[in-house]
Amino acid sequence: MECLCNEKELTDEQKYKQLKEFIKENQGKRGYLIPVLHLAQGIFGYLPREVQNFVAKEMDIPVSMVTGVVTFYSYFRTFPTGRHTITVCLGTACYVRGAKKILEELEDQLGIKIGETTEDRRFSIRVQRCLGSCGLAPVIMIDKDIHGRMTAKKLGAILEEYK
Ligand code: FES
């Protein structure tokens with residue numbers, strides 16, 4: 001594969017070229033749709049419809065098969081992520097201490113739902129089952145920062161820390 005590591009940002013043409021080469025190199029291997037999608041997400045940052053169509057065409061498989069895998073695994077994203085990813089813990093300890101209310105407040109304040117990104121690309125919201133800090137429940141994580149004992153009230157000030 002052509003090395004483009006000195007390039008700051010690849011053009012779309014270069015991105016598709018890299019993906020195409022990877023598909024060609026692995027043609028005929030069993031179960032290679034997931035590695036292809038994994039790489040595609042690495043290159044494009046997410047998997048919009050055009051990329052899914054391209055993968056289907058290059059691999060000579062139905063688009064529905066690609067879409068099926070993309071929607072089945074929560075790891076794959078069909079929207080670009082924001083500069084900051086907010087993960088709301090919906091594990092039991094957090095749930096019983098009001099995580100759902102925090103999630104609703106967050107969705108209200110940002111005007112987006114789980115899996116979406118704000119228009120200014122500042123925040124994305126995702127959820128997870130247990131962030132390993134149950135003693136601080138309810139917990140949210142912004143990028144790698146854990147914020148414990150969350151309340152809907154605290155949310156605004158915390159979000160302000162992330163530009
Ligand atoms: S359940 Fe939320 S951190 Fe464990």
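It should be emphasised that the depicted structure is a prediction, and the values quoted were computed from it without experimental measurement. We count ligands from 1, going down the list as the structure has it; atoms in each ligand are counted the same way.
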Checklist entry - CG/Leu136 to SG/Cys89 distance, rounded to the nearest 0.5 angstrom? => result 11.0 Å

Next on the checklist: Which residues pass the side chain to side chain contact (heavy atoms under 4.5 Å, CB included) test with Cys130, not counting sequence neighbours?
Outcome noted: Cys134

Next on the checklist: I'd like to know whether the aromatic ring centres of Tyr75 and His38 sit less than 6.0 Å apart in this structure.
Outcome noted: yes

Item to check | Contacts of atom 2 (Fe) of ligand 1 with protein N/O/S atoms, counting only those under 2.8 Å | outcome: Cys89 SG, Cys94 SG

Checklist entry - In Å and rounded to the nearest 0.5 Å, what is the CD to OG1 distance from Gln41 to Thr78? => result 9.5 Å

Item to check | Pairs flagged by side-chain hydrogen bond (donor to acceptor under 3.5 Å, both in side chains) wherever residues 148-163 is involved - sequence neighbours left out | outcome: Asp145-Tyr162, His147-Tyr162, Glu160-Lys163

Checklist outcome for this item: Sequence neighbours excluded, the answer for ring pair (Phe, Tyr, Trp, His ring centres under 6.0 Å) partners of Tyr16 is Phe44, Phe54

